[in-house]
Amino acid sequence: MSTSVLTAVAWPYTNGPRHIGHVSGIGVPSDVFSRYHRMVGNKVLMVSGSDEHGTPIQVQAEKEGVSPRELVDRYHRVIAEDMRGLGVSYDLYTRTTTGNHYGVVQQIFLTLYRNGYIVPKTTTGAVSPSTGRTLPDRYVEGTCPICGSDGARGDQCDSCGNQLDAADLKNPVSRINGEIPEFVSTEHLFLDLPAFTDSLGSWLSTRTGWRSNVLNFTRNLVEDMRPRPITRDLDWGVPVPLEGWDKQSMKRLYVWFDAVIGYFSASVEWARRSGDPDAWRAWWNDPAAQSVYFMGKDNITFHAQIWPSLLMGHNGQGDLGGTPGPYGELNLPAEIASSEFLTMSGSKFSTSRGTVIYVNDFLREFGPDMLRYFISAAGPETQDVDFTWDEFVRRINFELVNEWGNLVNRAISLAAKNVGAVPVPRAPEAADEELKKSARAAFDTVGTHLRHSRFRAASQEAMRVVSAANKYLSEQEPWKRKDDPDRRDTILHTALQVVSDANTLLTPFLPHAAQQVHELLGGTGVWAAQPEMREVSDLDVADRSYPILTGEYTREQASWESKPIEVGRPLSKPKPIFAKLDPKLAETGPDWAPIRH
RNA sequence: GGCGGUGUAGCUCAGUGGUAGAGCAAACGGCUCAUAAUCGUUGUGUCGUCGGUUCGAAUCCGGCCACCGCUACCA
């Protein structure tokens, strides 16, 4: 039976190109997951986009001397290209500066407001005198009132580690332009999180199958929920659709509020572009649909606490009750698949320290599947993982190239040389049946791991089939069977069948290589479909266009089963699907990201 | 400070009560179809530390040590 699966992928902040840490916990795992579900026959909707609002964008734009829109136009394209190159199969990768997103966000806001979950409050905050914009605490610098050290930030002092309030800093200065911030009282709208204490708490208590760290962390949060501001004094964001607020150029919805709604607005945009504007309902209104959210651990609070609260408030399911808005009752997250962090030589990726590896550099030199394999086999799934070139070279050369690449080359070369086509199997023996059986059984074990987002275990199980096939060939020695062509053909047929099965099992991880292997085995057409960049017109704003990622994944042939290979298909001597990495890479790193000693 | 995580073979890790595991690395041997690839054999550990529960603990409980993350106006 086909299930509707929504793959909701965290929205990258549009302030620069992606590094491999960004995609290791989010892009690659979510894509492996989605590809698997499509192969099983489920209806997958995979959405994400660029998160483009907020103070950091504005600050950076000013630093670069461009408008915020120019900045995000540039990086949206760069990030989309990174994802395309990696083969992340979004049904829609869009952005938050679209007319559609603005409309959906405002509609959700209005429903929350009508249901009583949004309340005004007057607060005191730092404001830049020259621009009138909110100055977030971390952009205020001064002397720490506790330990007296200079250079403390408004949110926290790095010297003594205490949390601070920007208003308490001595000699506060804006880190953006050095001016002295004003502390003014200003009215803002708040999401009334305490009004979800009971509803969110009881919802969480019914969650099963979530990773325990996500559940524990969120339960902790629920114990102490305070109203959270959803507006800012800023002119870069979604306008507040309320009488009196909509005309103020310096009041906008706070970026986190509009960004999480992106999962839903992107689904709506996808539906509108598909020709059936209500098509999103299969994933959002049908309680049988599954929605799985992929993000880094720093984002758990937004996905397990705030986003469910927004949805409950919209649905009228919070402690204050209410009724759903025009979108009807929207599904809450079924699973929060949060990842840990990829570190670089023991510390966080850092642009300023030069410890960073950009996706586009990586793709240019190694192509997508080596990175995809490494992340799947050794990514930060349950704990932080340190990326080293040494480990990368080892995994790729010994596991991917030697075992899998060589098996493909070995089996097809043998068949091509001896038969020139997929040979006819004669009387199979026990060893043949056993190998084929274990390959067939792997569809269950690997599939179970993938459904539970256990990508390391899944790829390991798939590789087990590869090892078994190598061992089988060594034992059966088909190259010594010139005097018994029937037996030789049976062995070669078996080996090719298992290569085909292993290729299917590896397709979610290695979609590009899988396409090649499909063709080496004599197949034609699209085995694993890839996303494409498309330039589209904004659906609601005249004269505006932007690039999206989308794809026609229904035309791909890959399906999650052992398909009998077609006897008689011509085979020719293959070219290796992977080139081995130079071992020197392990010591020096590539010249665009050299290892520093 | 609070919350949480991690500490198992040289390396990367799996292993939630019943005689310590995998892959890689190392050593030796086989094979030579294949990208010097592949197959087989072999070793290795006070499972951070101290104590407790138990017939029995890497596995449960408590103390301690080391490293790390989060701590909400960060998007």
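For clarity, every value in this text was computed on a predicted model and none was experimentally measured. First the proteins, then the strands, lettered A, B, ... as listed; each starts at 1.
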Practice task
Could you check how far NE2 of A/H303 sits from C1' of B/A72, rounded to whole Å?
Solution key: 15 Å
Practice task
Give one of base, sugar-phosphate or nothing for A/V255, where a contact means two heavy atoms less than 4.0 Å apart.
Solution key: sugar-phosphate
Exercise for the section: Determine the interatomic distance between P on B/A14 and the same-named atom on B/G1; round to the nearest Å. Expected result: 29 Å
Completion exercise
Walking RNA chain B from its 5' end, the first of A/K480 and A/R456 to be reached, judged by nearest nucleotide, is A/R456
Exercise for the section: For nucleotides B/U46 and B/A36, find the distance between their P atoms and express it as a whole number of Å. Expected result: 39 Å
Fill in the blank from the handout: Taken to the nearest whole Å, CZ/A/F341 to C1'/B/C68 is 12 Å
Exercise for the section: Would you kindly give the CZ-to-P distance between A/F387 and B/C13, to the nearest whole Å? Expected result: 14 Å
Exercise for the section: Decide, yes or no, whether a salt bridge links A/K251 with A/D233 under the criterion of side-chain N to carboxylate O below 4.0 Å. Expected result: yes
Completion exercise
Taken to the nearest whole Å, CG/A/N470 to P/B/C39 is 5 Å
Exercise for the section: Under 4.0 Å between any heavy atoms, over every strand shown, what does A/H53 touch: base, sugar-phosphate, or nothing? Just pick one. Expected result: sugar-phosphate
Completion exercise
Of the listed B/C74, B/C39, B/U35, the closest approach to the A/P56 side chain comes from B/C74
Exercise for the section: For A/V59, enumerate each residue passing the side chain to side chain contact (heavy atoms under 4.5 Å, CB included) test, keeping only those at least two apart in sequence or located in another chain. Expected result: A/T55, A/Y139, A/I176
Practice task
Take atom C1' in B/U54 and the same atom in B/G62, then report the distance between them in whole Å.
Solution key: 16 Å
Practice task
Measure from the side chain of A/K573, starting at C-beta and using heavy atoms only, and say which of B/U35, B/C74, B/C13 lies closest.
Solution key: B/U35
Exercise for the section: For A/N406, report the nucleic acid contact type (base, sugar-phosphate, nothing); a contact means any heavy atom under 4.0 Å. Expected result: base
Fill in the blank from the handout: Note: contacts of residues 483-495 of chain A with RNA chain B (heavy atom, under 4.0 Å) are none
Completion exercise
Checking N1-N3 plus N6-O4 or O6-N4 for Watson-Crick, or N1-O2 and O6-N3 for wobble, each under 3.5 Å, the partner of B/C24 is B/G10
Problem - Atom pair distance, as rounded to whole Å: CG in A/L342 and P in B/G69 - result: 14 Å
Practice task
Say whether, by atom type as modelled, one donor and one acceptor occur between the side chain of A/S500 and the main chain of A/L496 under 3.5 angstrom.
Solution key: no
Handout entry: Short side-chain N/O contact to B/U35 OP1/OP2 from A/N409, under 4.0 Å
Key = yes
Handout entry: Geometric class of the A/F374/A/F387 ring pair [parallel <30°, tilted 30-60°, perpendicular >60°]
Key = perpendicular
Handout entry: Contacts of A/F196 that satisfy ring-ring contact (aromatic ring centres under 6.0 Å, His included) - sequence neighbours left out
Key = A/Y117
Practice task
Give A/R395 one of three labels, base, sugar-phosphate or nothing, depending on what nucleic acid heavy atoms sit under 4.0 Å from its own.
Solution key: sugar-phosphate
Handout entry: Whole-angstrom distance between B/G43 and B/G10, as gauged at atom C1'
Key = 13 Å
Problem - Nearest-nucleotide pick for A/P576, side chain only, options being B/U35, B/C73, B/A72 - result: B/U35
Problem - P gap between B/C64 and B/C3, integer Å - result: 13 Å
Handout entry: Side chain A/D369, main chain A/H512, donor-acceptor under 3.5 Å
Key = yes
Exercise for the section: Would you mind telling me which of B/A72, B/C73, B/C31 lies closest to the side-chain atoms of A/Q305? Expected result: B/A72
Exercise for the section: Select one nucleotide: of B/U38, B/C73, B/C13, the one nearest the side-chain heavy atoms of A/V385. Expected result: B/C13
Problem - B/G69: pairing nucleotide in any strand, Watson-Crick or G-U under 3.5 angstrom - result: B/C3
Problem - Contact under 4.0 Å: A/K417 side-chain N or O vs B/C33 OP1/OP2 - result: no
Practice task
Would you kindly compare A/V466 and A/D390 by the position of their nearest RNA chain B nucleotide and give the one closer to the 5′ end?
Solution key: A/D390
Completion exercise
Hits for side chain to side chain contact (heavy atoms under 4.5 Å, CB included) against A/Q516, two or more places apart or cross-chain, chain-then-number order -> A/I577
Completion exercise
By the Watson-Crick or G-U definition, both distances under 3.5 Å, B/C33 is matched with none
Completion exercise
Taking B/A36, B/U12, B/C31 as options, the one with an atom nearest any side-chain atom of A/E391 is B/U12
Completion exercise
Considering only heavy side-chain atoms of A/W479, the closest of B/A36, B/C31, B/G40 is B/C31
Handout entry: Same-atom distance (C1') from B/U49 to B/G30, integer angstrom
Key = 46 Å
Exercise for the section: For this output row, return yes or no: ring centroids of A/Y102 and A/H53 closer than 6.0 angstrom. Expected result: yes
Exercise for the section: In whole angstrom, give me the gap between the C1' atoms of B/U19 and B/A57. Expected result: 13 Å
Exercise for the section: With sequence neighbours excluded, give me every salt bridge (Lys or Arg N to Asp or Glu O under 4.0 Å) pair touching residues 403-412 of chain A. Expected result: none
Exercise for the section: Please say which of A/L71, A/T14, A/V72 ends up in a side-chain contact (heavy atoms from CB on, under 4.5 Å) with A/Q60. Expected result: A/L71
Exercise for the section: Classify the nucleic acid contact of A/N299 as base, sugar-phosphate or nothing, counting any heavy atom under 4.0 Å across all strands shown. Expected result: base
Handout entry: Between C1' of B/C39 and CZ of A/R410, the distance in whole Å
Key = 8 Å
Handout entry: A/L492 and A/N418, any side-chain heavy atoms less than 4.5 Å apart
Key = yes
Exercise for the section: Considering only NZ, NE, NH1 and NH2 on the basic side and carboxylate oxygens on the acidic side, decide whether A/R95 and A/D73 come within less than 4.0 Å. Expected result: yes
Would you list the protein and nucleotides 2-7 of chain B atom pairs, both N or O, that sit under 3.5 Å from each other?
{"from": "B/C3", "atom 1": "O2'", "to": "A/N220", "atom 2": "ND2", "distance (Å)": "2.6"}

Exercise for the section: Would you check if the side chain of A/N15 reaches a backbone N or O of A/I57 as a donor-acceptor pair within less than 3.5 Å? Expected result: no
Problem - Atom C1', compared across B/A22 and B/U44: separation rounded to whole Å - result: 15 Å
Exercise for the section: Check every strand shown and say whether A/E475 touches a base, only sugar-phosphate, or nothing at a heavy-atom separation below 4.0 Å. Expected result: nothing
Completion exercise
For B/G45, the nucleotide meeting Watson-Crick or G-U wobble distances (both under 3.5 Å) is none
Practice task
Would you mind telling me which of B/A72, B/U35, B/C74 lies closest to the side-chain atoms of A/T301?
Solution key: B/C74
Problem - Check: A/R394 side chain, B/C24 base, donor-acceptor under 3.5 Å - result: no
Problem - Closest to the A/L414 side chain, choosing from B/U32, B/C39, B/C33 - result: B/C33
Exercise for the section: Tell me whether the OP1 or OP2 atom of B/C33 has a side-chain N or O from A/N418 closer than 4.0 Å. Expected result: no
Fill in the blank from the handout: Closest of B/G40, B/U35, B/G23 to the A/F578 side chain is B/U35
Practice task
Let me know the distance between NE2 of A/H188 and C1' of B/C73, rounded to the nearest Å.
Solution key: 9 Å
Fill in the blank from the handout: note: A/R228, atom CZ; B/U71, atom C1'; distance rounded to Å ~ 12 Å
Practice task
Look at the aromatic rings of A/W389 and A/F392 and report parallel, tilted or perpendicular, splitting at 30° and 60°.
Solution key: perpendicular
Handout entry: Opposite nucleotide pairing with B/G62, Watson-Crick or G-U, both atom distances under 3.5 Å
Key = B/C50
